[in-house]
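This chain uses plain numbering: 1 for the first residue, then up along the sequence. Every value quoted in this text rests on a predicted model; they were computed, and no experiment measured them.
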Amino acid sequence: MEQPIFAIMYDFDRTLSPRDMQEYQFIPSLDMTPAEFWSLANDFGRRNNMDNVLAYMYMMILMSREKGVPLTRDRVVDCGKSIAFFPGLDSWFDRINAYGSSIGVTVEHYVLSSGLKEIVEGSPVGGYFKMIYASEFLYGDDGLAVFPKSAVNYTSKTQFIYRINKGVFDPANDRDLNRSTPESDRRVRFKDMLYIGDGLSDVPCMKMVKAYGGSSIAVYNCNGQRPAEAEDLLRHGRVDFLFPSDYSADTALERTVRDLIRRSEIDFRLARENANQRTDVEDRQYSVFF
């Protein structure tokens, strides 16, 4: 590997965007308020002992059918266009990528979300992500959503960290994901990973990345007070840092991410120099022996 790859993994709702992605366009198209839709979906899930993600996806299909609004892939993708983002996100990816490039680090961005892949793809920032790991519908021959193709909840998110680590990006490829892979053959070192999320549903990913030597950041809505839940994440060591969700230039959040990328470059360079020194010693020993 010529240079390190630094992977930044993001939750989406309330991490990059102030509200759940369905609330900007999809739910209003049903003539419902967010409170009405989520209450309906959550109640349905509780009554049927369902995973919350499967429950809301089922309710999207059901309510679209009842309201006479076809749930096609194009319609779901189009819902991404109206999403609002936290300050600075419109230039965040370009700035972080440029910084990485300036010090010889390839920065890659990933989404790990219980929201919808189609909506993220259609959002103004969708093109910046190397992979979008999120829930997704399967569409029938008539173009309508018929079944969840994937349903990503807070625990299943963690498998995607391993996929990024090993470079096994295809969610259908479990064989290579589960195969034993030497650290030296893995595409992204765990220590070169950063997870950014906003709450308790991100804890499994936050703790996993931290446990393997990477870093985790919790963000909270920069337009509000720092919530107790976010404080608890930092107090109990589940994250390394806590910042307002302001992605503008030269904020504490950006400076910290730049520092983590720089640390990754230094560590990678030192590891490579040490490996080269070991090789030189081995070569000299080999030549003396023979």
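- Residues L40 and M50 are members of one and the same hydrophobic cluster, defined by side-chain heavy-atom contacts under 4.5 angstrom among Ile, Leu, Val, Met, Phe, Trp and Tyr.
- In this structure, R163 fails the cation-pi test against Y133, since its NZ or CZ atom is not both closer than 6.0 Å to the six-membered ring centre and inside 45 degrees of the ring normal.
- S215 and R263 get closest at one heavy-atom pair: OG-NH2, 3.2 Å.
- Taken from CG in N153 to CG in N52, the straight-line distance is 9.0 Å, to the nearest 0.5 Å.
- Here the side chains of F160 and V152 are in contact, with some heavy-atom distance below 4.5 Å.
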Full working for salt bridge (Lys or Arg N to Asp or Glu O under 4.0 Å) between D78 and K81
CA-CA 6 Å; D78 190 63; K81 296 178 181 177; 3.0 Å; yes
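- The heavy-atom pair separating S264 from D192 by the smallest distance is OG-OD1, 2.6 Å.
- When all heavy atoms of L253 and P244 are compared, the pair lying nearest together is CD2-O, 4.2 Å.
- The existence of a salt bridge linking R46 and D43 is confirmed by a sub-4.0 Å separation between a basic side-chain nitrogen and an acidic carboxylate oxygen.
- Across all non-hydrogen atoms, the minimal contact from C222 to P87 is SG-CD, 3.6 Å.
- For the pair D232 and R235, the salt-bridge criterion is met [side-chain N within less than 4.0 Å of a carboxylate O].
- Residues F93 and F129 place their aromatic rings such that the two centres sit under 6.0 Å apart.
- Between Y24 and P18, the closest heavy-atom pair is OH-CD, 3.4 Å.
- Relative ring orientation between F85 and F12 is described as perpendicular, the plane-to-plane angle rising above 60° on a 0-90° scale split at 30° and 60°.
- No continuous path of hydrophobic side-chain contacts links L62 to L138 [ILVMFWY only; heavy atoms under 4.5 Å].
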Do V257 and I8 pass the side-chain contact (heavy atoms from CB on, under 4.5 Å) test, and can you show the C-alpha distance, the side-chain angles, and the key distance before you say yes or no?
CA-CA 9 Å; V257 172; I8 306 179; 4.0 Å; yes
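- Salt bridge annotation for K166-E183: absent, with no cationic side-chain nitrogen under 4.0 angstrom from a carboxylate oxygen.
- Taking both residues in full, the closest heavy atoms of L234 and D240 are given as CD1-O, 3.7 Å, listed atom of the first, atom of the second, then distance.
- Side-chain contact check for D176 and N173: at least one donor-acceptor pair (N or O, by modelled atom type) lies under 3.5 Å.
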Quick one: do T33 and E23 satisfy side-chain contact (heavy atoms from CB on, under 4.5 Å)? Show the steps, please.
CA-CA 8 Å; T33 66; E23 297 179 5; over 6 Å; no
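- With a 4.5 Å cut-off on side-chain heavy atoms, M131 and I164 do not count as touching.
- With respect to W92, the ring pair (Phe, Tyr, Trp, His ring centres under 6.0 Å) criterion is satisfied by exactly one of Y99, F86, Y247: Y247.
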side-chain contact (heavy atoms from CB on, under 4.5 Å) between R258 and R95, worked out
CA-CA 10 Å; R258 286 163 61 113; R95 281 185 279 114; over 6 Å; no
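- A continuous path of ILVMFWY side-chain contacts below 4.5 Å connects M206 to M9, so both sit in one hydrophobic cluster.
- Within the structure, every pair that satisfies the salt bridge (Lys or Arg N to Asp or Glu O under 4.0 Å) test and touches residues 4-13, not counting sequence neighbours, is listed here: D11-K157.
- A parallel orientation is assigned to the rings of Y10 and H109, their planes being inclined by less than 30° (bins at 30° and 60°).
- Y162 and Y212 form a side-chain donor-acceptor contact under 3.5 Å, judged by distance and modelled atom types alone.
- Scanning for ring pair (Phe, Tyr, Trp, His ring centres under 6.0 Å) contacts around F137 gives an empty result, with sequence neighbours left out.
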